[in-house]
Amino acid sequence: MQLQDILYSQGFGTRRVCAGLVQQGWVAVLEASSPAATSYQLCTDATAELEPEGLRLQVQGVDWPYHAKAYLMLHKPAGTECSQKPSAYPSIYTLLPAPLRQRPSKSAVLGVQAIGRLDQDTTGLLLLSDDGQFIHRMSSPKKHVPKVYQVTTKHPVDPRQIAQLLEGVVLDDDPRPVRAAACEQSDSHRLALTLTEGKYHQVKRMLAAVGNRVEGLHRSRIGALELPAHLLPGQWQWLTAAELDLLVSS
Ligand code: URA
């Protein structure tokens with residue numbers, strides 16, 4: 001694959017912009033397929049043929065490992081919206097580097113997309129991808145991917161509230177009760193709630209339905225994938241192949 005096409009696939013701009021980046025000496029490469037190469041080599045030929053798998057790019061001094069498809073996790077901070085066009089708070093997409101927001105795709109939408117949404121005041125694990133099948137797999141209500149929320153409540157949690165959350169509560173827009181798959185209390189005002197559905201404001205509405213109120217909400221896990229402790233609010237990282245396997249087999 002030509003270097004300019006590789007850059008284009010990664011979201012570095014139009015093919016013309018990508019060719020310009022290379023010709024102006026802004027791109028260095030480190031190919032996995034050439035064992036002799038141990039450090040980045042400047043490449044000024046936009047049409048140079050390279051093997052993309054395992055390729056490491058350095059674009060304007062920033063390391064960029066080639067990814068045919070993008071799969072990432074973000075530690076969503078409070079005070080951000082998951083929408084591309086936020087109404088009141090900054091969008092989570094502003095936390096990502098421009099190439100991730102510009103990656104070309106076959107659909108009309110450019111770049112990676114958040115898989116599901118968290119409220120502006122909710123923190124924690126959010127997945128993003130540009131792989132339509134993966135997005136569908138992870139967000140389809142039929143797949144029942146479990147998500148764990150750490151809930152801080154306004155009022156002390158009563159054992160009857162836990163029983164109700166597990167038995168099921170009726171929310172105003174649906175006569176079918178929604179239930180927590182698991183509910184563990186860690187102290188008087190804290191619960192870990194596992195849900196396998198993703199209704200609008202679900203945790204807040206479930207807690208309200210049992211007579212309590214959410215004061216703080218943090219998503220700590222999706223399927224078998226835990227938010228790593230080192231990933232601070234606002235930070236993102238690529239998913240490893242092992243993490244991707246964990247999610248797909250969840
Ligand atoms: N449930 C909520 O109420 N809010 C979220 O952000 C996620 C789940």
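When a ligand or atom number is given, it counts from 1 through the structure's own listing order.
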Does the side chain of Gln2 pick up a donor-acceptor pair with the side chain of Thr47 at under 3.5 Å?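 The criterion, which ignores hydrogens and geometry beyond distance, is not satisfied for Thr47 and Gln2.
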Do any nitrogen or oxygen atoms of [X] lie less than 3.5 angstrom from nitrogen or oxygen atoms of ligand 1?
| X | value |
| --- | --- |
| Asp119 | yes |
| Lys204 | yes |
| Val203 | yes |
| Tyr149 | no |

When you check the gap from the basic side-chain N to the acidic O, do Asp174 and Lys199 get nearer than 4.0 Å?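 A salt bridge is present here (some side-chain N lies under 4.0 Å from a carboxylate O).
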Atoms in ligand 1 with a heavy atom of [X] nearer than 4.0 Å:
| X | result |
| --- | --- |
| Leu118 | 6 (O), 7 (C) |
| Leu217 | 1 (N), 2 (C), 3 (O), 4 (N), 5 (C) |
| His201 | 1 (N), 2 (C), 3 (O) |
| Thr122 | 4 (N), 5 (C), 6 (O) |

For residues 71-81, tabulate all N or O donor-acceptor pairs below 3.5 Å that involve a side-chain atom, not counting sequence neighbours.
residue, atom, partner, partner atom, Å
Tyr71, OH, Asp131, OD2, 2.5
His75, ND1, Leu231, O, 2.7
Lys76, NZ, Thr80, O, 3.0
Lys76, NZ, Thr80, OG1, 3.2
Lys76, NZ, Asp119, O, 3.0
Lys76, NZ, Gln120, O, 3.0
Lys76, NZ, Thr122, O, 2.8
Thr80, OG1, Pro77, O, 2.7
Glu81, OE1, Ser87, N, 2.9
Glu81, OE2, Ser87, N, 3.3
Glu81, OE2, Ser87, OG, 3.4
Glu81, OE2, Ala88, N, 2.8
Glu81, OE2, Tyr89, N, 3.0

Are any of the side-chain heavy atoms of Leu118 and Leu217 separated by less than 4.5 Å? no
Between Ser249 (side chain only) and Leu246 (backbone N and O only), is there a donor and an acceptor less than 3.5 Å apart? yes
Residue list, salt bridge (Lys or Arg N to Asp or Glu O under 4.0 Å) with Asp245, at least two apart or on another chain: none
